[in-house]
Structure formats: structure tokens, C-alpha cells
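Worksheet: the structure to be examined is printed underneath.
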2 protein chains.
Amino acid sequence: MDANKLQSLRHSTAHLLAAAVLHLYPKTKLTIGPAIENGFYYDAAFEKPISEDDLPQIENEMKKVLKTWKGFTKREVTEKEAKEIYKNNEYKKELIDEIVKRGEKITLYKIGDFEDLCRGGHSENPQKDIGDFKLLSIAGAYWHGDEKNPMLTRIYGTAFPTKKELDEYLEMLQEAKQRDHKKLGKELDLFVFSETVGKGLPLWTPKGSAVRRVLERFIVDEEIKRGYLHVYTPDLASLALYEKSGHYPYYKESMYAPITIDDEQFMLRPMSCPHHFELYLSRPHSYKELPIRFAELAKMYRYEQSGELAGLQRVRAFTLADAHIIAKVDQAEGEINKVLDLIEFIAQTFGLEHGKEYHYRLSLGERAEEKKYYKDDKSWDKAEAVLRKVLKNRKSHFVEAPGEAAFYGPKIDVQMKNVNGKEDTAFTVQYDFVMPKRFNLTYINEKGEEEQPIVIHRSSIGAIERVMAFLIEHYAGAFPLWLAPVQIVLLPIADRHAEFAQEAAKELRNAGIRVDADIRSERLQAKIRDATLQKVPFMGIIGDKEIAEKAISVRKRNGEDLGQLKIAPFLEQLLQDIDKKI
Amino acid sequence: MDANKLQSLRHSTAHLLAAAVLHLYPKTKLTIGPAIENGFYYDAAFEKPISEDDLPQIENEMKKVLKTWKGFTKREVTEKEAKEIYKNNEYKKELIDEIVKRGEKITLYKIGDFEDLCRGGHSENPQKDIGDFKLLSIAGAYWHGDEKNPMLTRIYGTAFPTKKELDEYLEMLQEAKQRDHKKLGKELDLFVFSETVGKGLPLWTPKGSAVRRVLERFIVDEEIKRGYLHVYTPDLASLALYEKSGHYPYYKESMYAPITIDDEQFMLRPMSCPHHFELYLSRPHSYKELPIRFAELAKMYRYEQSGELAGLQRVRAFTLADAHIIAKVDQAEGEINKVLDLIEFIAQTFGLEHGKEYHYRLSLGERAEEKKYYKDDKSWDKAEAVLRKVLKNRKSHFVEAPGEAAFYGPKIDVQMKNVNGKEDTAFTVQYDFVMPKRFNLTYINEKGEEEQPIVIHRSSIGAIERVMAFLIEHYAGAFPLWLAPVQIVLLPIADRHAEFAQEAAKELRNAGIRVDADIRSERLQAKIRDATLQKVPFMGIIGDKEIAEKAISVRKRNGEDLGQLKIAPFLEQLLQDIDKKI
């Protein structure tokens, strides 16, 4: 079914919800009920609060009502008529005022015994088109989204042309809920928040930190191998730096207020490019040195409304695996290719398939909008051509998106699909011909003359916080061995085996394995259950037999039994698998 | 010579300097000339500016004057007499006013033809006592240290009882100057500052960053092996957190101004303890889990006056290798022992000898001062006894320092000596019985009851920035192999050898070696000279013979020739040496 039809179907189902609500709760004041991505909602002021327990009854009523529905009929009314109809509903009256203000016609749509103020866009034959539907949840929502207004009750639902499609969707929702990184983050003790520390500022627990450390070292080491120069630059800089870069007026709203030190104003950085440019400027450069690839695990601070904060997905301070490649114009194509090689290598390491879990979006400039786009048509043409050429030559999966470019040039967005099936820009590769001018970045060319390089702004994996959120959901918390916060837990069968378990743990830990010994006086089955719930890749059971042989009986988290293995060769195997990022 | 006599000798030499200055520049207005650590200075307002080129002439005059000196004679004068004597010197008149205000007597000391306003404290026989002296440098200094006052000329000098002692001191100064981390940092391109980024905020270049990365991973890995749980917590936290910890009123002056986000105030953290406590509080704990050792490479922000900033030694944002050990009271002794084990292991890795390059200072509480010391005599007694016992049992080199403790308990200061022979507290190990109360940190003890742990605040190496400053000076920039920013540089003899050099570099880089290939079209001798100046541990020379054998001719930075070595076994040896931290 095409997207428009699906939307009409869902909008129709919102009417159906409203009709059922009025049957069951006649004193309810309806407001609006649009179709949204993946479903619909209706906001209403109920006389008495309802709960999610009431949803099945409403669903039943909807089913009954649907059987009586034929088709929507439309009529146009005057402002006076409309206000008479809704004389007891201040919300609808406000909507009528808004329609009048916009100079639009006031229309009502009726189906069965239910008529609603509506702009239209319904299914022609709802009874046939609405294959199946489901009410999903209840939430509070301020009228017009403004917290100064009364709080309404929002009922979310979804509808599909067939029961099969609905079932598949509900299953995916269920799966996504199980995989939700906020839920798993708590269950697996990966990160926490503290009211006293502040919103949007996660504290990584030892387990979450272990994963993060492995991730960070993987990125840094891989980038160094590929010729990046990893640096450390301060998270704080004088306001003058962002005025020089021109970021200040543009980014002001997402930057935190300045801190005054002596007579100067300092900002928490929202990006690291100006820092890397200052590093470049610390000495002169020859064409022989280019490209110079400055990389950093760069901590950044950006304002997010507290309502927008979501686990590790949306935070107020994050660490971006960032880099700025300062290159000659004729090196741009090769460098962008290498960046995509790196991105695809990393994605592959996590088992992400190009064209499936992620694809590219080529974001082009909207030349007409002078405020959003730096005026230099020749450079834009060149930059866009290079990016398109690279994507085409690689046979990449990509779409073009006019008007989505950055101020200073076009970019390739890495579009990731999360477990909810939602697509999002994870990070970008940007071609910049403006900053080199602003910062007067130069190099001495073959002829001994000063020339201006271009800059490629890129990440290789995005912000560590978002990657972590993504990977928790991607792996449903069952991290592969090389990333797992605890790689093996040793389980002594009885208290007398605890000492050997602790010694063995020490041996493994000294070899760099992340190992725990569960020496609680619990039954073995309970320890196995706990380790399985914690999704530890390996369990090493230790009893009399094992101690006699300097061995452990190894069990995988999926229940597979590897039998009794001597510690030394097993450790060797573990280290090899970790090295292979299995 | 005892310290008092040495000071009198140096103060006398300051008079000698002043006398010589008046001979050579009669219109000079003298102000003050005290003895200081390692020497003396005199501040004076010269009619015309003088430079360091004038110092030898002044020294000659001093030598002549000294020959005429017998002994100091003192006389007391009235305010009126004194002001008449100094009628043309507004500085001395101000000093006279200050003396009168303090109710002190006005005394003048004369020797030879020179009389000066002075409180006394001279050598009895300067001609005999001043074995040798040297004027060292000239600097500008505001009158009374206030930038609103006129700028005076300060001449620094030093004096010793014997020429031998002076020569030794000058040699040490020369050596320290050569080793100065700011100088070497520039020559070896390890870090830079940018006026636009801001004072006290270093940017680490790729080379400095390489050393830092190795250092950081060494610390983190070693701590993890020893049972620390490494975490990541935010550098920013609500002001409420520091109010809860009680740091805010005490540390306010060294903290930066709050940043307002929505309606809350956030601070750049000056320490990480409250963050780790919040992490501890995120779930309940049993006695079986203790000790819990939270460690972090924790970025912190503290205010330093711009005049106090010095290279990496004093910065405004730094990263402390920090940890907080939350332990039962009866675990304190064992944990402090383990902390000192770790500190000594790390120091040893850098070739620092306990009792020589560093020793401990046991800082005790000043019980009488209630504002500076938390009132709980029993806990103080216990804590101080534990720290003293540990130090005694280990036969540590330590001194006791009454009144130097932290507010919340006694501490062991790690006192390091730098290349100037100056002793400084590098970092501390603190015993804290106050914060657990403030944060209500508890654990469930063997009886199922809530109990309060103690906290040990400690570093293992200090702030990464200061360590780096220290190590640059300690190694005089010649980092050992495992720390060196570039471990080996490959030097193709002719252009035709460049390709092989780059391939070999790639092979070494993929094995984790920090390698450069110097493919400039320069003569081999020039390349060797540059690599030697950059203090690269190994040079690998590549010519026809080497290529035929898949080998390199290896030369060490001290000039030692290791001959032609096949790449594979040489790489193996390098990796082994790096692993051994050679």
C-alpha cells in the first residue's frame, strides 16, 4: 500500500477511535487526531482519567463501530455553525478560530453516527481498507504542546491493511522494547543517571565503561593504522575561537552559556574543527605533508531540551570519534574513498550490512538560500561532483537529498536503521571549502607558493554514546566476546572450589581477559541462570574434577556445552577470538 | 653552611649588587632586595633600561666593591631623617611609611660607601663569606607586585660560600634549562598553545598525544589488573552535587562560574569524588563487594591565575589518574599498602628511585583549627595511625607534616623532585571519613545491618599533564622506546629506496610500532642528524644491500650501530622491548 493510502487509513482509524471514545465516555472533549509515522493518535480531555487497562474495551467498541461504517461524507459550515456545534468544546473552538485566521474553509466529516471537524484525507472504504488495528499506549500531552495549557490524554494506536502486517509490526515493537537500550542498560548495569549530577549526563558503570574502552581503543588503533594522527585538544576554548570559525552566530542556540575566566569568555566546545585548525596553524606545512588527518575522541557539549533527552541516544555531553582531513583539492576523492572504506570496515565488524542496516545520503546545497549556504557555486559544483563520483564508483547504496547540506559544503550522511526500523543520520562526511578560508589554512605547494587546502570533516562511527545505544539494541545486550563487559564468569560448584576460581580469574585477568568469579554460596544452577541473564559469553564451571586437571568446564550463554578444557589452551583460544573480534 | 647563614650571605650580595648599580647608574632609584630560594634579587627603577648584556659589567663592579667591604654598621633614624635621606626616592618613602605603620624602627645599614634602608640579616664578614656570586637574569616586576604600579627592573642573582658550589648550581641550572619541558615541548613538537583557544589550555600534537596515549593505557591497564573498576563520568555536574559534597563553599574560588542550562546551574568539575559516590549510590552494596575501587582518567577544571600558568605543569584543565576506594574500615590498611605498591611500581617503571627522586610526606590534621579540620578526634586518630603504620611497616622514606592534612582526613603526599631540584607534591593518598557521611554511603554488613565505609582518594601517577611535563624533563626529551612518540624512523639513502622504506613502515605500523619514513631528498647524514635531534630511539637505514636482504641497518640515537638486521626478527625484538617497557 502506498504511503498516502496508508496515512488515510490510519487517519480514518483515528476517527474510529474518537467515535468509540464518545460512545463509552460521552462527556469527553475531542481535540485532534492525526496520522503519524507508524500509526495515529487522538488527544482528548476525558472527564475522568482513563488508563491502558481501558484500551481493550475501546478497541472492542471500535470493532463494533467499524461494522456500521460505510463512507465519509463531507459538509462545509460557517464559523457560526461550527462554533454552535462545538459550543461545549473550547479546544475545537480554538481550532475553528485558527482555521478562520488561515482563511481556510471549515469542513466536517461524518461517518456512521460520528461527525468531526476535519480537513479530510480518509480511506474511501474504511471497513474494507482497515485490515486490522491496535491501540498501543496512553500518554499525557499538553494542548498545542505547550506546558502552560491543560494536559490532555493521548491515545496512540496503529492500523494496517492486513492482520499479518499488524502482527509483524507488533512483533517488531515487542522486540524493540526488549532491546531498548535504556531497559537493557539498567538490567545489564551498563550506565546510570543521577538526578544530582544532572539530566543528559550519563555515568558509565564499570561494565558499560569496559565496552566503551574496547570500542574507543578499537577506533583509535584502526584509525592510526590508516594514517590518522590522533590528538588531544581542550574541550573548552575562548569564545573568540568560535567567532573566528563563524560557528558562534549559527550554533549559539545549541551552545552553553560562556564561562568568564579573568576577562575572557570561554565556551564548552560544540565541535572540534576549530581546535584542529589551530593545531594545523601551529607551524607551516608543505604539500609533502598532506593529507594531514587529525583525529580525536573529542568531547563536545550541545544543548538538548530536557524533553528530548533519551538514555545514551540523546545526551548533553558526548564524545565524537571525530577527524578533520586537511588535503589538497586533488586528494579529496581518494580521501573520501578511504573514509568510506573505514566506515564500512567498522560497520562490518559489527555485522552491519551496507544497503540493509545502513546506507548513504548525499546531501546537496540549496543554492538559492544565501543564509544557509555559502555563496561559491564553483566550489559547490566541484565538491558535489566529487562526492557523487565516489559514491557511484563504489556502487554505494545512496539517495540524493537536495537542501540537506551543511553551510560550508555538501556531505555524505550515514543513515542507520535502528531496531524500531527508524532511519536516522548517525554521522556525516563533509566536504568543506569555507573553513580553510576563514582560518587561513595554507600549505606551500610544489612551486613554493601558498595554497589553500580543503577540509573533510568526518566521523568513522559517530558519537560513542549513540554507538553504545545502537549496539546494545543491535546485539540485544548479548555483546560478542571481544566487546562483552564480562567475557567469562567462573562458577565454583562449592565453596571449596572458590579459591581455585579466584586464582584462575587472576590468571585470566592478567592476560587481559575481563573475568568475574561468582563465589557466592549459591547453587550452581542459580549462578548459571544469573550469568545467562547477564549475557556473559562464557561460563567456566569449576569442581573437583576440573581442579585436578587445571581445567574448567565451559558453557556458552546459548547453553552450548564445550566440555572440560585446560585453562592455558582455552585462554589462548579466547585471546585469538578476541583478536579476531568474534 | 646552614640555611640562615646562606640567606644572610645572599642578602649581603643583594646589597653588593645595589652598591655596584649605584656606582654605574647613579640616578637609579633602589627599592627592595631580598634573599630568595637559591639566590636573591634587587628591584630598582633605572633611568634608562638595562639589558642582560649589562650584567657582566655590574658583576665586575661588584667584585671591585667587595674588595673594599669590611662589615655592616647599623644606625637607627627617625621617620623625618629617613625621608630626608630618600627625598628623591618615592619607593623608599613608601617603604618608610609602611615601617612606621607597623610600629617598627627605621634602620639603615652601611658597608663601604653604600648605605641602604634595611631590616638587617647580613653576613658578619661578607668579603670572606661570599665565596662566589653570579647575576643570572633580568625581568620586569611591578612595584609591590601590583600591575597598576610602575614596572621596575628586577635583577636576579645567586651567591655561594665557594666557587665550587656556585659552579655546581650553575651547571644544574644549565641542565634544567636544557631539559625545560616548555623548551623541549616546542623542539620535539609535543604540545602547543593557541592564543585563540586560550591560556592554560594545551593542544597536544600528534607526537605528544602518542606519548600521552601510551601513558594513559599503561595506567588504565595496570590499574585494571590490580582490581580497579575504570569508569567514565561526566566532567560537568549540577551545582547541587558540589553543595551536597560540601566542596562548593571550600573550592568555590578554584571553580569556574556556573553554566545555566534550563533552570539549573552546572559546574565544570574540580574533582571527581562526588561523581564516583553517585555511581556507588546507584544500587545497594554488600560487604562482599568491598573494597570497590572506582578509577577514572578524570578531566577536571580548576582556576589558575594567568601568571601562574606554566606549560603543562600548571594548566586550567587537566586529566587526573584518579580513584576512590570505598572500603570497610578494617580494609583501609591493606588498601593503602596496595596503593603505595602501585605508586612505587609505576615510579620504578620510569626509573624513579624511592627516597631519592621521590619520598612521602604524612600530612596530619591541625585539630585546633575547626574551620579547616572536620571535628572527629577519634576518626582522625585512627586514620593517622593507619597511615603512619603503613609507612613505618614498609620502611618508607617519609616526613611528618602537622597541619597539612585535607579537611576530611590525613593524607600521604607523594613528594617529587624535579630537574631544578625543587620538591613538589605531585599527588596524594587521602583517608576520608567525612564524605561517606555526607553522601550517606553505606553497605550491608555481615549481620545484615547498614554500615558506613571509608573512602581512600588517591592518584597513582597524578595529572597526565604534569606527569608529561615531569617526564619530558626527567628523560631530557629522550623517551625510552616504549614511550617515544616515534620509535623508529626509516631513512632511505636515495630516492629509489623510498618505496621499500614506505612498505617497511607500513608493516611496522600494522604491528603497532610508531614509525616514520623520512623520504625527503636529503643527504643521509642530514636525515640522521634530524632524527638524532628529534631523539628517536632507532634509525633504520635502507639502501640497495638492505633491500636485497629485506633488512635495515639499525642505528641507535646515541650513535651505536647495531648493523644490518632482517626486518621480521628486529620487529619481534622491538615488540618484546616495548612490552618490557624498555
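Labels below follow one simple rule: chain letters A, B, ... track the order of the sequence lines, proteins then strands, and each chain is numbered from 1.
- The most heavy-atom pairs under 4.5 Å with chain A, out of B:Ile224, B:Ile519, B:Thr260, come from B:Ile224.
- Atom CD of B:Glu147 has 12 or fewer neighbouring heavy atoms from other residues, nucleotides or ligands inside a 6.0 Å radius.
- A:His275 NE2 to B:Thr196 OG1: the interatomic distance, rounded to the nearest 0.5 Å, is 11.0 Å.
- Between A:Leu201 atom CG and B:Leu241 atom CG the span is 10.5 Å, to the nearest 0.5 Å.
- Contact of B:Pro274 with chain A is not made at all, since no heavy-atom distance falls under 4.5 Å.
- Annotation for B:Glu253: atom CD does not count as buried by contact number, only 12 or fewer foreign heavy atoms lying within 6.0 Å.
- To the nearest 0.5 Å, atoms CZ (B:Phe294) and OG (A:Ser209) are separated by 9.5 Å.
- Here the CZ atom belonging to B:Arg213 is positioned 7.0 Å from the NE2 atom belonging to A:His230, to the nearest 0.5 angstrom.
- Partner of B:Leu236 under the side-chain contact (heavy atoms from CB on, under 4.5 Å) criterion, chosen from A:Leu268, A:Asp235, A:Val197: A:Leu268.
- With a threshold of 4.5 angstrom between heavy atoms, B:Phe191 does not approach chain A through any atom at all.
- Counting heavy atoms from C-beta on, the side chains of B:Thr319 and A:Tyr232 never come closer than 4.5 Å.
- Here the CZ atom belonging to A:Arg217 is positioned 5.0 Å from the CZ atom belonging to B:Arg217, to the nearest 0.5 angstrom.
- Ranked by non-hydrogen atom pairs under 4.5 Å with chain A, the options B:His276, B:Lys225, B:Arg269 are led by B:Lys225.
- Residue A:Phe193: no heavy atom, backbone or side chain, is found under 4.5 Å from chain B.
- Heavy-atom contacts from other residues, nucleotides or ligands closer than 6.0 Å to CD of B:Glu499 number 12 or fewer.
- Between chain A and the residues B:Ser282, B:Ser238, B:Gly198, the largest count of heavy-atom pairs under 4.5 Å involves B:Ser238.
- Considering all non-hydrogen atoms of both residues, B:Pro234 and A:Leu203 come closest at CD-CG, 4.0 Å.
- With a 4.5 angstrom heavy-atom cutoff, B:Lys299 touches chain A only via side-chain atoms.
- For A:Tyr301, the part sitting under 4.5 Å from any heavy atom of chain B is the side chain, from C-beta outward, and nothing else.
- Only the side chain of B:Ile261 comes within contact range of chain A, with at least one heavy atom under 4.5 Å from a heavy atom of that chain.
- Ranked by heavy-atom pairs shorter than 4.5 Å toward chain B, the options A:Arg316, A:Arg509, A:Gln305, A:Lys244 are led by A:Arg316.
- Of the listed residues (A:Ile259, A:Asp189, A:Leu239, A:Val192), the one with the most heavy-atom contacts under 4.5 Å to chain B is A:Ile259.
- Annotation: maximal heavy-atom pairing with chain B below 4.5 Å, among A:Glu216, A:Glu264, A:Met267, occurs at A:Glu216.
- Residue B:Lys199 places its NZ atom among 12 or fewer non-hydrogen atoms of other residues, nucleotides or ligands, all under 6.0 Å distant.
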Exercise. Would you check, one step at a time, whether the test side chain to side chain contact (heavy atoms under 4.5 Å, CB included) holds for A:Asp262 with B:Tyr303?
Key: CA-CA 9 Å; A:Asp262 297 341; B:Tyr303 177 68; 2.3 Å; yes

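- Each of B:Val220, B:Leu279, B:Thr233 has some count of heavy-atom pairs under 4.5 Å with chain A, and the biggest count is that of B:Leu279.
- A:Pro258 does not touch chain B: none of its heavy atoms, backbone or side chain, sits under 4.5 Å away.
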